[in-house]
Undergrad: 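Take this structure, written in structure tokens, and hold onto it; I'll ask about it next.
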There are 2 protein chains.
Amino acid sequence: MALREKPGSGLELTRRFEKSFGFFWHATHQQIYRILARMVDAGDLTVEVVGQAGRPDKKVYRVTPAGERTLADWLATPAPMEQFRSDLAVKMRGASYGDRAAVLDVLRAHLVDHHVRLGHYLQLEKEYGTDPGSLDDQTRDQYLVLRGGIRLEEFWIGWVSDYLRAHGDDPATTAPAPAPTPASSPTSGPDDMTQGEIR
Amino acid sequence: MALREKPGSGLELTRRFEKSFGFFWHATHQQIYRILARMVDAGDLTVEVVGQAGRPDKKVYRVTPAGERTLADWLATPAPMEQFRSDLAVKMRGASYGDRAAVLDVLRAHLVDHHVRLGHYLQLEKEYGTDPGSLDDQTRDQYLVLRGGIRLEEFWIGWVSDYLRAHGDDPATTAPAPAPTPASSPTSGPDDMTQGEIR
DNA sequence: GAATCCCTTGCAACTCGTTGCATAGGTGTG
DNA sequence: CACACCTATGCAACGAGTTGCAAGGGATTC
């Protein structure tokens, strides 16, 4: 996978993944392990078991030339448009079949979540300095993806604010998060919870 | 499900679903059938087999009072934030591990797709008239969800345009779709293709 | 008249992803 | 010392969703 260009073990990768890909792709260690195993089968990776002092052994994975080719191919492959799918949209759409006030509550909660995230992302954005044009290619890509995250949060905030407003609610009371986390917050970030029921 | 408030059969629902939910939730007839069966088990729906002249029998599903309660409960249930997940983001992020020009091509293709969709949605938006405030609750919800679709397309267009621009590409050449489909296009709409490889 | 398509329902098999649990040694806390 | 926790890997089971295929009759087309 695009980030495995630096070798590492399953858990390491999981964490690296979470940290750098976190907000636009989440994966559990389980998934990573399984995919890693599959990729070894396919010849895209090699494994090397490394013993560690005072710790369980770990398996260090490395990308093979074939793997690099696979990756390059994948990158050049046109992907079909992504299917947007959202419980929240369903709730907005179907609000009149239930307690509208309750739905608005749910939306308001989401709104603050998105504000929090946005604040977090904006914080991260600062770390790229004032002139993104001066960054090297890889870092610029990172920056641009982060910009996407920011735009995404703005999209959500705009949308549900619209909805709330149209239903006589004042989204401004769900204030634009005042002071975000001081510098870098270790515990914060894209906190994911378990999935809810669907339909 | 939020739309099954009007009775109908599996295939009918599938089509209704596609038409009204289409762009923010896609479901195949298979899924619908299975979920329908499950909901009958759960007591949220009743079935009635209806014979038709010159056609296979169909099963008409209806929501029970218990089903309405289930739905209302679901609507009021706070859902955890949705996990954004995007191949495209991965490609942008990892473009330097492959042929960047090819990635830009992929992005350009997406850009036109999103422009097309946006055009389509804007067309639909017109049908709601000039004063959305005057709509009844249900129709307004429909309208507001459509607004979300529009915002979503704008998000995508903004994002990938940013990316292209940052990499010396001029997104304007991927022009803002000139003349959209004349009035209502039967064959167009959220056209979905099969999924591509992941990671 | 034959071929083809549509309608309706459904089965089987698969992928992707999640959750819960197990193992097995090492470290830190009360 | 016991308990909880971290690291590291992994199994088993499940749920959601997709694809391919089937059956059986009606309608359309050549």
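Here is the naming used below: chain letters follow the sequence lines, and residue numbers restart at 1 for every chain. In this text, all values refer to a predicted model and were calculated from it rather than measured experimentally.
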Undergrad: Please produce a list of atom pairs where a protein N or O lies less than 3.5 Å from an N or O of nucleotides 12-14 of chain C.
TA:
none

Undergrad: Roughly how many Å is it from CD1 in B/Ile32 to P in C/dT9, rounded to a whole number?
TA: 11 Å
Undergrad: Side chains of A/Asp57 and A/Lys59, heavy atoms from C-beta outward: is any pair under 4.5 Å?
TA: no
Undergrad: Applying side chain to side chain contact (heavy atoms under 4.5 Å, CB included), can you list everything that pairs with A/Asp44, at least two apart in sequence or on another chain?
TA: A/Met39, A/Ala42, A/Ala66, A/Thr70
Undergrad: Under 3.5 Å, which N/O atoms of the protein pair with N/O atoms of nucleotides 6-8 of chain C?
TA:
{"unit_1": "C/dT8", "atom_1": "OP2", "unit_2": "B/Arg15", "atom_2": "NH2", "d": "2.6"}

Undergrad: Applying ring-ring contact (aromatic ring centres under 6.0 Å, His included), name anything that partners B/Tyr163, two or more places apart in sequence or on another chain.
TA: B/His167
Undergrad: Do any pairs count as a salt bridge (Lys or Arg N to Asp or Glu O under 4.0 Å) and have a residue in residues 64-74 of chain B, sequence neighbours left out, and if so which ones?
TA: none
Undergrad: Can you measure A/Leu13 atom CG to D/dG10 atom P for me and round it to whole angstrom units?
TA: 13 Å
Undergrad: Does OP1 or OP2 of C/dC16 have a side-chain N or O of A/Arg38 closer than 4.0 Å?
TA: yes
Undergrad: Nearest whole Å is fine: how far is D/dT18 C1' from B/Glu18 CD?
TA: 14 Å
Undergrad: Round to the nearest Å and state the distance from A/Trp25 atom CH2 to C/dT18 atom P.
TA: 10 Å
Undergrad: Partners of B/Tyr97 by ring-ring contact (aromatic ring centres under 6.0 Å, His included), sequence neighbours excluded?
TA: none
Undergrad: Measure CD/A/Gln83 against P/D/dG17 and give the value in whole Å, please.
TA: 11 Å
Undergrad: For A/Phe155, what residues pass the ring-ring contact (aromatic ring centres under 6.0 Å, His included) criterion, not counting sequence neighbours?
TA: A/Trp159
Undergrad: Restricting to pairs with a member in residues 128-140 of chain B, which pass salt bridge (Lys or Arg N to Asp or Glu O under 4.0 Å), not counting sequence neighbours?
TA: A/Arg100-B/Asp137, B/Asp137-B/Arg140
Undergrad: Just how far, in rounded Å, is P of D/dA8 from CG of A/Leu36?
TA: 14 Å
Undergrad: Rounded to the Å, how far apart are B/Ile35 CD1 and C/dG10 C1'?
TA: 15 Å
Undergrad: Which residues pass the ring-ring contact (aromatic ring centres under 6.0 Å, His included) test with B/Tyr128, not counting sequence neighbours?
TA: B/Tyr143
Undergrad: Counting only side-chain N and O atoms of B/Arg85, is one of them less than 4.0 Å from OP1 or OP2 of C/dC16?
TA: no
Undergrad: Taking C-beta and beyond as the side chain, do B/Val106 and B/Leu88 meet within less than 4.5 Å on heavy atoms?
TA: yes
